[in-house]
Amino acid sequence: LAGIPRIWLGSEIEVGATRLFRKTFVLPNRAGLRAARLTLFADSVYQLWVNGAYIGRGPTFFHPHRRPIQRYELKPFLKEGLNAVAVLVHSYGFSIHNYTVSGCPGLTALLEMESHNGRRHRIRTDRSWKASAQTGWLADAPRRSWAIGFLEHFEAARHPWGWTDPAFDDRRWSRAETHPAFRPGLPGIYIDP
């Protein structure tokens with residue numbers, strides 16, 4: 001993920017912030033696809049869907065400057081035609097007992113697709129991803145203790161149901177904002193656990 005932008009939307013110092021990110025793309029010929037590997041990292045935590053199917057969550061606990069990447073094989077979840085990768089990212093915005101705030105909330109991802117004829121196509125996080133802060137998760141919930149985050153406070157009427165599906169209309173969503181993966185002057189690395 002070195003050199004790939006981190007995406008976020010709005011303030012990077014917001015406490016208890018949740019953002020939704022979507023990237024749609026067309027796969028012209030699924031039969032010709034040999035592999036489709038997604039590599040990603042999110043600060044603080046993420047949940048991943050592909051074409052509406054829940055894939056996984058993460059990352060494991062990490063130091064802000066030694067970030068563990070995770071990989072997923074997406075070929076079984078992709079289809080011919082329009083596809084969607086959807087990621088919910090929640091940023092604590094403060095340190096807890098097993099997390100040190102980095103000041104770099106957001107998502108860094110790279111989808112590498114390879115066809116049987118050797119052709120490769122890469123999709124990375126950039127301004128072409130769509131983003132929304134209208135998630136249904138509210139930040140004004142009480143905090144239970146110094147060691148853990150806030151209680152989950154979800155308002156279903158504000159959630160954009162169906163946002164993980166390829167056909168969801170995201171035309172009113174914002175373009176994701178791009179940022180350096182690490183803060184200037186505070187270098188770090190991605191690690192492959």
Side-chain angles (χ1 to χ4, degrees), residues 1 4-24 38-50 54-70 84-110 124-164 168 170-186 188 190:
L1 294 181
I4 295 176
R6 169 177 56 93
I7 57 173
W8 187 244
L9 182 64
S11 173
E12 293 186 88
I13 58 171
E14 187 177 343
V15 172
T18 303
R19 301 293 188 264
L20 307 178
F21 297 101
R22 283 174 49 86
K23 176 64 179 178
T24 57
L38 177 69
T39 304
L40 77 157
F41 171 82
D43 188 343
S44 305
V45 294
Y46 72 85
Q47 295 179 42
L48 167 67
W49 291 264
V50 175
Y54 179 75
I55 306 300
R57 64 186 180 94
T60 57
F61 300 138
F62 62 93
H63 183 278
H65 305 296
R66 294 184 59 78
R67 301 175 178 177
I69 61 172
Q70 291 178 282
V85 174
V87 186
L88 178 150
V89 177
H90 177 75
S91 170
Y92 298 128
F94 57 89
S95 296
I96 58 177
H97 83 285
N98 56 7
Y99 169 78
T100 302
V101 68
S102 70
C104 299
L107 171 69
T108 306
L110 173 65
R124 64 185 204 149
T125 44
D126 59 20
R127 286 191 42 81
S128 69
W129 286 61
K130 295 306 228 27
S132 177
Q134 297 295 105
T135 66
W137 278 270
L138 307 179
D140 62 352
R143 189 172 178 192
R144 294 181 273 185
S145 89
W146 66 270
I148 57 177
F150 292 98
L151 294 171
E152 188 172 0
H153 187 185
F154 180 71
E155 194 173 294
R158 295 178 61 184
H159 183 68
W161 297 102
W163 73 279
T164 63
F168 178 80
D170 61 12
R171 288 178 294 179
R172 293 183 178 211
W173 283 28
S174 301
R175 289 191 177 275
E177 299 164 356
T178 58
H179 303 275
F182 298 91
R183 288 213 174 276
L186 295 172
Y190 291 104

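Numbers for residues simply follow the sequence, beginning at 1. Predicted model only: the values in this text are computed from it and were never measured.
- One distance of note links CD of E177 with CH2 of W129; it measures 15.5 Å at 0.5 Å rounding.
- Residues R67 and C104 share a closest heavy-atom pair of NH2-CB, 3.7 Å.
- The closest side-chain heavy-atom distance from V45 to Y99 is not below 4.5 Å.
- The aromatic rings of H90 and Y92 sit perpendicular, their planes meeting at an angle over 60°, well past the 30° parallel limit.
- Taking all atoms of both residues into account, the shortest heavy-atom contact from V101 to S95 is N-OG, 3.0 Å.
- F21 places a side-chain heavy atom less than 4.5 Å from the side chain of I7.
- Counting heavy atoms from C-beta on, the side chains of S91 and E14 never come closer than 4.5 Å.
- Within the 4.5 Å cutoff, no side-chain heavy atoms of R22 are placed close to those of V87.
- In this structure, W137 and F154 have tilted ring planes: the angle between them lies in the 30° to 60° band.
- In this structure, CG on L38 lies 10.5 Å from CD1 on I69, to the nearest 0.5 angstrom.
- Looking at R6, its side chain never comes within 3.5 Å of a backbone N or O of L107 through a donor-acceptor pair.
- T164 and A84 make their closest contact through O-CB, 4.1 Å (heavy atoms, listed as atom of the first residue, atom of the second, distance).
- The closest donor-acceptor contact from the side chain of S174 to the backbone of S132 lies at 3.5 Å or more, if one exists at all.
- Of all the heavy atoms in P59 and Y46, the pair that sits closest is N-CE2, 3.7 Å.
- With a 4.5 Å cut-off on side-chain heavy atoms, W173 and W163 count as touching.
- For F150 and F94, the gap between ring centers is short of 6.0 Å.
- In this structure a side-chain-to-backbone donor-acceptor pair under 3.5 Å is present from H63 to H65.
- A 4.5 Å side-chain heavy-atom check between V89 and T18 finds every atom pair outside the cut-off.
- With a 4.5 Å cut-off on side-chain heavy atoms, L40 and L110 do not count as touching.
- Interatomic distance, R19 CZ to T135 OG1, rounded to the nearest 0.5 Å: 8.0 Å.
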Stepwise side-chain contact (heavy atoms from CB on, under 4.5 Å) test for I96 and R143: CA-CA 11 Å; I96 58 177; R143 189 172 178 192; 3.4 Å; yes
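- Residues S128 and K23 have side chains that bring a donor and an acceptor to within less than 3.5 angstrom of each other.
- Side chains of D43 and S102: a donor-acceptor N/O pair is present below 3.5 angstrom, by distance only.
- With values rounded to the nearest 0.5 angstrom, R57 atom CZ is found 12.5 Å from L48 atom CG.
- Pairing each heavy atom of Q134 with each of L20, the nearest pair is O-CD1, 4.1 Å.
- Other residues, nucleotides and ligands contribute at most 12 non-hydrogen atoms within 6.0 Å of the CD1 atom of I13.
- Distance check, rounded to the nearest 0.5 Å: NZ of K130 to CZ of F168 gives 9.5 Å.
- Looking at every heavy atom in both residues, R127 comes nearest to R175 through O-NH1, 3.3 Å.
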From CA spacing to verdict: ring-ring contact (aromatic ring centres under 6.0 Å, His included), Y190, F62: CA-CA 10 Å; Y190 291 104; F62 62 93; 10.0 Å; no
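- In this structure, W49 has its ring center closer than 6.0 angstrom to the ring center of Y54.
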